Structures are given as structure tokens and as C-alpha cells.
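For reference, the structure discussed in these notes is given below.
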Amino acid sequence: MPNINHVIYDKATGRITQSGIADSDTLDAIGAVYLQVFAFDPTLSVKYYVQNGKLVPRPTLPLTVSKTDVLADGVDNVTLGGIPVGSNVSIAGPLPTNETADGTDLVLTFALPGTYTVFIQPFPYQDTQVVLHAS
Amino acid sequence: MQVNLTPFKTADDAVTWGRDQIDAAAGRACARYITIAPGQEARYTAKYKDACNYVAAGYPADTTGYPWIAAEAQHTGLTPQAAADRIKQLGDSWNNQVGPAIEGQRVAGKDGLAGRTDIGAIVSYVRGIVKALDAI
């Protein structure tokens, strides 16, 4: 069989895990859950996922941010709203950490000044990030 | 959910950090007014004493008994009186106003850490004291 452009995805969630070019016999033989696409694009997983056998755009997360400048005094805080439960939240900066969102607003305080980048992975929403400045 | 990004595992850790921050801020404040160098404190003390004695003696023309005044006047081109007045003025300011203000703020700031148990409140408190010292 001729090679096809395809994406391999998680059957339960539709999350694209791999993009490539291969023949369908090989893909079937290895039990891959895949969808043929028009062109090879390794970045498809960033903006699309698979739903009902079709590529569907990943929606933009309706994230709300109370402010991006905050005092590094352990009391002043930034509130991030709209993060779905189960989303992975990783924070890079002087005090890095990883959290799993519980579906409520995320309230952050900072004890050390610096620039903090909050990376949010709220599948099926697109990944997003917010840069905060604590001083 | 609240996430407090802090390097402190316990309130005691935060208090220890706070004491260091306050001491460091007091040190920076001092450095804005006096030179911090080996032997400088001894030099300040000696020349301030000389200046006070010289002024009290009515600015005698013979500066033999006032080596610090004589040397500073010789090297700066100031008159002995001007040199002595300057030394005394700066010394008085440090001894009577700036130094006590810094030390009072430093000691009170550290005293105020006692009994605090909330890390966020400790950090906020210390930032306030450091800000006050930075403003001196």
C-alpha cells in the first residue's frame, strides 16, 4: 500500500500523539489508532485533536488572569480562572513547581521576586501560558 | 486552589531568611553613608575624636596635637577648621541621626519576627522592613 500522511491518536481522548508518513498496512499491523490527513505536519497535535474520526480544532482556553504584576511578598496574589479540572499546570521561574488543577480558580502568591511562566495544559483546549512578574 | 510559591519549608526557615534580609538591608543602608572597608571604622572613630577635640579647643593654629585634622587638611587643601567641621558634621549626623535610625529599624525589625507563624505574613513583614531600611 502507498504511504499515507497520518496522525496516531489516543482512542479515548482523541489526543494526537504522533504524526508521520507510513503505509496503512504497517499501521494496521502494529495496531495503531490513526487517521489519514492531507499533509504531514508535526505540529498538528498543537491545534487539533480527533473527534468522531475527524480532525477537530482544539479550542482556545477562556483563561482569565487577574493581573500579571504582583508583589513578591507572600500575600499579594494572582488569580487564574477557567482552568479545567485535571489540567497540568507547571510554573517555571525562581520557584518552579508542578500542580494539577482542581477546577477552581488558581490563586498564586510569590515569596521571591522574578519572572514566572505558568504553562497550562488543559486538553482538549490548546496549551497556553502566562508570564507573571513578581517584584 | 491556592499555590504559595515559597522556598521556605517552615515558618522558622522564613524567620531565619527574614533576619538575614533585615541585616543585609541595614548593611546596605550603612554603606550609603559610611565607607565599609578594613580599618575604616577605627579611622572614623579616631578622626571624629580629633575633630571634636579640635573644635572644642577653638580651632588652634597649631595642629600638632590633631594629626588626623592636620593630615586631612594637608591632603584635601581644606583649612584645618573646614576639615574639622566637615568631619564633625558628618560624624554627628551619623552618630546622632542616621546610625541610630538604621540600628533602631534593624533591631525592631528583627524583634518583630518573633512569634510569627504564617510564611506569607513573614515575607510580607520582612519586605516592609527592608523597604523602610532601603529608604534611609
Side-chain angles (χ1 to χ4, degrees), chain A residues 61 63-122 125 128-135, chain B residues 1-33 36 101-136:
Chain A
L61 181 68
L63 181 72
T64 61
V65 182
S66 62
K67 59 187 178 184
T68 56
D69 292 320
V70 61
L71 295 176
D73 65 356
V75 174
D76 194 19
N77 64 72
V78 172
T79 301
L80 304 181
I83 303 176
V85 62
S87 300
N88 184 61
V89 179
S90 60
I91 301 175
L95 296 165
T97 188
N98 272 296
E99 308 288 337
T100 301
D102 65 0
T104 62
D105 286 350
L106 175 61
V107 179
L108 301 172
T109 68
F110 304 84
L112 292 184
T115 298
Y116 295 81
T117 303
V118 182
F119 299 94
I120 305 168
Q121 295 173 297
Y125 296 97
T128 191
Q129 66 182 52
V130 180
V131 178
L132 305 173
H133 303 283
S135 61
Chain B
M1 61 187 273
Q2 178 148 337
V3 175
N4 301 314
L5 295 172
T6 169
F8 312 118
K9 286 187 169 59
T10 66
D12 284 347
D13 289 344
V15 167
T16 299
W17 166 84
R19 289 178 183 277
D20 291 344
Q21 290 294 303
I22 292 170
D23 282 340
R28 290 194 302 273
C30 290
R32 287 193 288 277
Y33 293 93
I36 312 293
I102 294 172
E103 184 64 1
Q105 191 74 267
R106 184 187 74 88
V107 173
K110 291 171 73 173
D111 282 353
L113 283 169
R116 292 180 186 264
T117 58
D118 179 80
I119 291 176
I122 290 169
V123 172
S124 180
Y125 170 79
V126 169
R127 296 263 186 245
I129 298 298
V130 168
K131 188 175 181 181
L133 284 164
D134 284 347
I136 295 177

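Every chain is numbered from 1, with letters handed out A, B, ... down the list of sequences. Remember, it's a predicted structure, so these values are computed and weren't measured experimentally.
Among V75(A), V107(A), L71(A), L108(A), the residue making the largest number of heavy-atom pairs under 4.5 Å with chain B is V107(A).
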Check: every donor-acceptor pair under 3.5 Å linking chain A and chain B:
from: A72(A); atom 1: O; to: R127(B); atom 2: NE; distance (Å): 2.4
from: A72(A); atom 1: O; to: R127(B); atom 2: NH2; distance (Å): 3.1
from: D73(A); atom 1: O; to: S124(B); atom 2: N; distance (Å): 2.9
from: T104(A); atom 1: OG1; to: M1(B); atom 2: N; distance (Å): 2.6
from: D105(A); atom 1: O; to: M1(B); atom 2: N; distance (Å): 2.6
from: V107(A); atom 1: N; to: M1(B); atom 2: O; distance (Å): 2.8
from: V107(A); atom 1: O; to: V3(B); atom 2: N; distance (Å): 2.8
from: T109(A); atom 1: N; to: V3(B); atom 2: O; distance (Å): 3.1
from: T109(A); atom 1: O; to: L5(B); atom 2: N; distance (Å): 2.8
from: T109(A); atom 1: OG1; to: N4(B); atom 2: OD1; distance (Å): 2.7
from: A111(A); atom 1: N; to: L5(B); atom 2: O; distance (Å): 2.9
from: A111(A); atom 1: O; to: R127(B); atom 2: NH2; distance (Å): 2.3

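To the nearest 0.5 angstrom, F8(B) atom CZ is 8.5 Å from L95(A) atom CG.
Only the side chain of I91(A) comes within less than 4.5 Å of a heavy atom in chain B; its backbone stays farther off. Neither the backbone nor the side chain of A134(A) comes within contact range of chain B; no heavy atom of the residue lies under 4.5 Å from a heavy atom of that chain.
A 4.5 Å side-chain heavy-atom check between V3(B) and L106(A) finds at least one atom pair inside the cut-off.
Nearest heavy-atom pair, V123(B) versus G74(A), reported as atom, atom and distance to 0.1 Å: CG1-N, 3.8 Å.
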